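Please read all numbers here as calculations on a predicted model, not as lab measurements. These values consider heavy atoms only, across backbone and side chains, with no hydrogens, waters or symmetry-generated copies. Chain letters run A, B, ... following the sequence lines, proteins first, then strands; residues in each count from 1.
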Number of protein chains: 2
Amino acid sequence: MSSAVRRSTILEVARLAGISKTSVSRYFGDERERLSPTLQDRIAQAASTLDYQPNQMARGLKGGRSKLIGMLVADIRNPFSVAITHGVEQACRQYGYSLLVCNTDNDSEQERQHLDLLGAYQVAGLVVNATGSPEAQLQTFISHGTPVVLLDREISNVDAEVVGLDNQLAIDSALDHLSAQGYQAVLYVSEAPEQSSTRQRRLACFNEGAQQRALSHATLLLSSDTNTRQALSHFLAAHPQHACAVLCGNGNVTLTITRLFQQLGLPLGQFGLMGIDELDWCDLVPPGITTLAQPTDAIGKTALHCLRHRITPQTTPPPTTLSFAPTLIARGSTRR
Amino acid sequence: MSSAVRRSTILEVARLAGISKTSVSRYFGDERERLSPTLQDRIAQAASTLDYQPNQMARGLKGGRSKLIGMLVADIRNPFSVAITHGVEQACRQYGYSLLVCNTDNDSEQERQHLDLLGAYQVAGLVVNATGSPEAQLQTFISHGTPVVLLDREISNVDAEVVGLDNQLAIDSALDHLSAQGYQAVLYVSEAPEQSSTRQRRLACFNEGAQQRALSHATLLLSSDTNTRQALSHFLAAHPQHACAVLCGNGNVTLTITRLFQQLGLPLGQFGLMGIDELDWCDLVPPGITTLAQPTDAIGKTALHCLRHRITPQTTPPPTTLSFAPTLIARGSTRR
DNA sequence: ATACAAAATGGAACCGTTCCCATTCCGCGA
DNA sequence: TCGCGGAATGGGAACGGTTCCATTTTGTAT
């Protein structure tokens with residue numbers, strides 16, 4: 001059993017270099033220029049001999065703030081969430097932060113626990129893709145001076161920016177595309193909207209937009225597969241004289257509905273299919289599924305940008321865009 | 001500008017309850033039973049009044065160890081990695097750890113940096129899906145008493161368990177299935193094997209297994225799309241008298257090759273296609289793509305299990321299985 | 001009642017930093 | 001030569017916990 005060698009400390013470096021720990025601290029903090037070249041060399045030398053690295057725990061304790069960014073993700077297995085996380089992580093690294101990723105699996109109890117923990121780690125900021133409505137907890141963070149930014153889902157009574165897709169624009173683009181392609185009846189399928197402001201907004205925009213464009217339309221909430229199948233068949237049967245299309249509210253829905261199309265033997269294109277969120281496989285299911293891609297990297301980076309602006313307002317300009325435009329990727333599933 | 005309210009400290013709780021901070025520390029540590037019921041009540045009362053939560057930074061500093069588990073992921077956008085991460089994260093939560101996820105994007109420089117940082121955070125353990133061969137750094141962790149477990153990819157000279165798929169078994173299952181389905185010529189496609197012991201092992205097992213089964217075979221390393229397309233066509237042309245199949249070394253390869261099949265107009269099934277790693281869309285590309293699914297949750301959980309065993313050997317039994325069997329999901333792409 | 005062990009509680013040092021001061025050093029004008 | 005100001009450096013008190021050890025309280029057998 002290899003009995004743990006301790007990591008070396010600032011004091012050991014100072015001793016080896018024959019100087020005070022204050023100077024070593026300055027060297028590794030951001031005050032290197034205050035030190036004479038001689039000292040700098042001595043420190044560099046000693047530090048590399050001892051393989052020294054400042055202890056972040058001690059730093060965090062002393063400074064009252066760590067170099068950690070907490071991120072709450074509602075469903076880490078959703079490719080969209082992963083893509084955003086990737087963007088946030090990249091930005092973190094660029095600015096010297098590390099990312100503490102917490103997956104809530106869409107469970108508000110887990111969300112609560114994770115938030116408690118993140119508080120205990122004194123995170124410098126919080127990126128939240130909420131599951132429930134942890135308003136109170138988030139407000140606590142904010143009142144403790146920890147900035148919060150909301151991803152995709154908005155929460156009332158929380159003083160934080162919301163970064164995400166421009167839902168109005170997205171739905172409009174989708175409807176424009178569908179009607180340009182000659183579809184006259186559109187079914188919008190969404191997951192349960194209660195917990196998610198985004199889902200609610202997209203639903204509302206859809207209803208309004210479809211009405212404006214004089215499209216026959218209906219909406220459907222995903223529940224069990226059987227019910228969904230019936231509802232889908234029913235919608236198609238109800239519009240025999242029209243060209244019908246289905247618009248999927250997010251990637252999960254697209255997956256479910258595509259399966260259903262196959263089970264029901266509905267030929268893609270003749271029956272339109274379009275989804276919000278681009279997925280790896282959308283070009284693989286013949287003749288390809290039309291999607292609205294979200295600029296995930298930009299969204300992730302902007303989220304961190306917001307936090308940085310709140311952490312150090314003087315050095316960082318506020319982000320300009322919080323609502324991002326989707327990119328239409330037209331494929332065969334909306335070509336009649 | 002809301003001037004930060006400070007979080008309350010153990011001392012404040014102690015004062016409010018009229019007792020010493022030692023007792024409060026005991027209450028929040030794992031020595032609650034040493035306290036009289038009266039005291040426990042007083043503490044609970046005071047703590048909830050002040051909304052107190054122990055500061056993990058201070059804890060980590062004093063104890064020389066945090067309740068953080070570091071995880072290094074080579075490519076966070078790979079669904080397989082995500083699935084494993086999900087398993088690790090769940091297990092972490094169960095045992096009171098938080099997960100510091102670091103994505104290296106297959107870049108060894110990033111890997112190095114992230115490892116440095118994780119060290120600075122005094123992580124309690126490290127789950128590593130390596131990109132390069134950070135042997136020295138990992139050994140440093142181990143000699144500092146921080147246990148390491150390797151995910152999927154093995155690294156020589158590092159004293160750590162390797163958790164992952166039983167590659168021999170996987171390749172054997174694949175070849176058995178393919179030959180049972182009547183394919184006589186098999187092309188194995190892999191990504192660059194230099195950096196990954198798993199890829200090397202699968203390649204070796206494939207060559208050996210194909211030979212034993214008297215299959216015509218060849219291997220192909222993924223590079224540019226054009227080259228891959230040519231190589232694929234060439235392989236098929238070289239075996240006109242045989243039924244040909246392609247075996248994909250991981251999910252990325254499956255994606256690439258499936259695209260290629262479509263571009264080349266190769267009918268799935270007539271030309272066999274099979275992949276290691278199950279993906280969301282494998283049942284969506286008609287007639288479905290046969291895969292070997294990895295038990296990702298089990299792998300993730302086992303990884304953490306290994307760490308826990310090394311952290312507290314007395315309370316946790318050593319994990320029994322480190323190499324996991326895949327599950328064959330047979331679909332139309334291997335049905336002639 | 002007395003003695004004594006066990007249980008309950010508290011005091012204070014320490015973990016590795018940062019940062020406020022105080023101190024030392026050096027060059028330069030009077 | 002002296003005095004002075006600014007730059008370079010160091011001493012030591014926090015930060016918020018944990019933990020060793022000492023002390024007080026309680027229970028129990030004599």
Side-chain angles (χ1 to χ4, degrees), chain A residues 4-43 46-47 50-68 117 119-124 144-145, chain B residues 4-43 46-47 50-68 117 119-124 144-145:
Chain A
V5 184
R6 274 191 333 91
R7 323 181 98 239
S8 46
T9 74
I10 205 174
L11 193 60
E12 294 165 348
V13 175
R15 274 209 257 274
L16 179 60
I19 56 173
S20 82
K21 62 199 177 111
T22 304
S23 297
V24 182
S25 173
R26 291 205 172 102
Y27 182 83
F28 284 98
D30 286 320
E31 312 181 73
R32 211 167 280 198
E33 65 291 346
R34 286 182 51 180
L35 270 35
S36 70
T38 325
L39 252 211
Q40 294 194 27
D41 284 352
R42 294 243 292 282
I43 296 175
L50 294 178
D51 206 18
Y52 170 76
Q53 225 198 339
N55 180 327
Q56 295 286 356
M57 289 285 152
R59 281 190 160 172
L61 172 57
K62 179 62 188 176
R65 198 106 274 170
S66 69
K67 282 293 239 176
L68 291 171
L117 261 177
Y121 278 107
Q122 316 228 112
V123 293
H144 284 357
Chain B
V5 185
R6 272 192 334 92
R7 322 182 98 239
S8 47
T9 73
I10 204 173
L11 193 60
E12 294 166 348
V13 175
R15 274 208 256 274
L16 179 59
I19 56 173
S20 82
K21 59 187 187 138
T22 304
S23 297
V24 181
S25 172
R26 293 208 170 100
Y27 182 84
F28 284 98
D30 287 320
E31 312 181 75
R32 211 167 278 198
E33 65 291 349
R34 286 183 51 180
L35 269 35
S36 70
T38 324
L39 251 210
Q40 293 193 28
D41 284 352
R42 294 242 292 284
I43 296 175
L50 294 177
D51 205 18
Y52 170 76
Q53 225 199 338
N55 180 327
Q56 295 287 354
M57 290 285 153
R59 281 189 160 172
L61 174 56
K62 175 63 189 177
R65 199 105 275 169
S66 69
K67 282 293 239 176
L68 291 171
L117 261 176
Y121 279 107
Q122 315 227 113
V123 292
H144 284 356

Position toward the 5' end of DNA chain C (nearest nucleotide), B:Thr38 or B:Gly63: B:Thr38

Electrostatic pair A:Glu33-A:Arg26, nearest N-O below 4.0 angstrom: no

Pairwise distance CG(A:Leu117) to CD(B:Gln56) - rounded to 0.5 angstrom: 6.0 Å

salt_bridge(A:Glu12, A:Arg15) N-O dist < 4.0 Å: no

Closest nucleotide among D:dT18, D:dG16, D:dG10 to the A:Ile19 side chain: D:dG10

Distance, rounded to the nearest Å, where B:Lys21 contributes NZ and C:dG11 contributes P: 11 Å

Distance, rounded to the nearest Å, where B:Arg7 contributes CZ and D:dG17 contributes C1': 13 Å

Presence of B:Arg6 side-chain N/O under 4.0 Å of D:dC15 phosphate oxygens OP1/OP2: no

Among C:dT18, D:dG11, D:dC20, the nucleotide that comes nearest once only the side chain of A:Thr22 is considered: D:dG11

Spacing of B:Asn55 atom CG relative to D:dA14 atom P, expressed in whole Å: 18 Å

Sugar-phosphate, base or nothing in reach of B:Ser25, heavy atoms under 4.0 Å: base

Distance-only donor-acceptor test (3.5 Å): side chain A:Lys62, base C:dT18: yes

Shortest side-chain distance from B:Ser36, nucleotide among C:dG10, C:dC14, C:dA8: C:dA8

For atom CZ of B:Arg59 and atom P of D:dT19, their distance in whole Å: 10 Å

Spacing between B:Arg65 atom CZ and D:dT19 atom P, to the nearest angstrom: 14 Å

Touch class at under 4.0 angstrom, heavy-atom based, for A:Tyr52 against every strand present: sugar-phosphate

Given C:dT18, C:dG10, D:dG17, the nucleotide with the shortest approach to the side chain of B:Ser23: C:dG10

Interatomic distance where CD belongs to A:Glu33 and C1' belongs to D:dT9 [whole Å]: 15 Å

5′-ward residue of the pair A:Arg26/A:Ser8 relative to DNA chain C: A:Ser8

Among A:Val13, A:Leu35, A:Leu39, the one residue meeting side-chain contact (heavy atoms from CB on, under 4.5 Å) with A:Val24: A:Val13

Side chain of B:Thr9 (C-beta onward), nearest among C:dG10, C:dT17, D:dG17: D:dG17

Nearest-Å distance for atom pair CG/P, residues B:Leu61 and C:dA13: 17 Å

Straight-line distance of A:Phe28 CZ to A:Asn55 CG, nearest 0.5 Å: 13.0 Å

Distance in angstrom units between B:Ile10 CD1 and C:dG11 C1', rounded: 14 Å

Sugar-phosphate, base or nothing in reach of B:Gln40, heavy atoms under 4.0 Å: nothing

